[in-house]
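The structure appears right after this line, and notes come after that.
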Amino acid sequence: LFGLPSNIDRSVQRYNSAQVIVQLRTLAVSNTEAMKFDRERWSAQLGPLLQLWQSLTTQGNRQQTAPSPPGPDKSPIDSFVLMQCIEAYNIMELVNDSLGGISKVLFQSGLLKIGRA
């Protein structure tokens with residue numbers, strides 16, 4: 001067929017296998033490089049974000065204490081809005097703690113941790 005030798009299918013399979021092996025080796029090398037922690041690279045990429053967060057939270061824009069839970073005298077709409085404010089405050093605190101931990105790792109002597117502290 002098409003003037004090709006009878007064992008062309010084996011040659012194609014060998015070629016395809018060799019290409020797959022090369023791709024797997026490339027993935028293995030890039031995966032080990034991705035697993036390394038490069039403090040300078042991380043600080044260059046995350047530094048502007050950390051500085052922005054720091055400036056936003058130190059200008060007095062951040063509420064220092066969580067809003068108090070709604071009392072029974074509040075309307076359902078006011079209670080809902082207040083509960084959303086409490087949840088937003090909790091999320092902001094989580095982000096603040098996480099970014100503070102990243103900042104310690106990048107610019108001080110903090111250690112990498114998995115999960116929340």
Side-chain angles (χ1 to χ4, degrees):
L1 184 71
F2 302 115
L4 297 173
S6 61
N7 66 348
I8 192 67
D9 60 333
R10 286 185 229 130
S11 296
V12 170
Q13 285 177 353
R14 259 187 274 140
Y15 174 78
N16 289 338
S17 297
Q19 291 300 317
V20 168
I21 290 171
V22 167
Q23 289 174 349
L24 288 174
R25 286 184 181 147
T26 303
L27 284 174
V29 168
S30 65
N31 191 22
T32 56
E33 289 176 3
M35 300 268 312
K36 293 179 183 175
F37 174 67
D38 185 3
R39 188 180 305 259
E40 290 79 25
R41 183 173 162 209
W42 278 50
S43 62
Q45 291 179 348
L46 292 176
L49 173 72
L50 295 172
Q51 290 173 353
L52 175 65
W53 183 260
Q54 184 68 26
S55 68
L56 289 173
T57 57
T58 57
Q59 292 178 351
N61 296 335
R62 185 170 155 240
Q63 186 172 345
Q64 297 300 323
T65 59
S68 58
D73 59 332
K74 298 281 186 185
S75 71
I77 294 175
D78 289 341
S79 296
F80 173 78
V81 170
L82 194 53
M83 288 189 301
Q84 292 300 308
C85 289
I86 293 169
E87 192 62 31
Y89 177 83
N90 292 337
I91 291 171
M92 188 193 68
E93 284 297 309
L94 176 65
V95 169
N96 192 49
D97 292 344
S98 298
L99 290 179
I102 291 171
S103 181
K104 286 179 185 175
V105 168
L106 294 180
F107 302 115
Q108 298 171 5
S109 62
L111 297 175
L112 289 173
K113 296 179 190 175
I114 297 175
R116 293 186 354 198

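Under the side chain to side chain contact (heavy atoms under 4.5 Å, CB included) criterion, Asn7 pairs with Pro5, Arg10, sequence neighbours left out. Scanning for side chain to side chain contact (heavy atoms under 4.5 Å, CB included) contacts around Ser6 gives an empty result, with sequence neighbours left out. When the side chain to side chain contact (heavy atoms under 4.5 Å, CB included) test is applied to Phe80, the partners found at least two apart in sequence or on another chain are Gln84. Under the side chain to side chain contact (heavy atoms under 4.5 Å, CB included) criterion, Glu87 pairs with Asn90, Ile91, not counting sequence neighbours.
Put simply, Leu99 and Met92 are part of the same group of oily side chains (I, L, V, M, F, W, Y) that touch within less than 4.5 Å, one to the next. By the rule that hydrophobic residues join a cluster once side-chain heavy atoms approach within less than 4.5 Å of another member, Phe107 and Val105 end up as members of one cluster. If you chain together hydrophobic residues whose side chains sit under 4.5 Å apart, Leu50 and Trp53 fall into the same group. Taking hydrophobic clusters as Ile, Leu, Val, Met, Phe, Trp and Tyr residues chained together by side-chain heavy-atom distances below 4.5 Å, Ile102 shares a cluster with Val95.
Between Asp78 and Leu82 there is no side-chain heavy-atom pair separated by less than 4.5 Å.
Residue Leu46 holds its CG atom at 10.5 Å from CZ of Arg41, rounded to the nearest 0.5 Å.
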Side-chain donor-acceptor pairs of residues 12-19 under 3.5 Å, sequence neighbours excluded:
{"residue": "Asn16", "atom": "ND2", "partner": "Val12", "partner atom": "O", "Å": "3.4"}
{"residue": "Ser17", "atom": "OG", "partner": "Gln13", "partner atom": "O", "Å": "2.8"}

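When every heavy atom of Ser79 is checked against every heavy atom of Gly71, the shortest pair comes out as OG-O, 4.4 Å. Heavy atoms only, all atoms of each residue included: Ser68 and Ile86 are closest at O-CD1, 3.9 Å.
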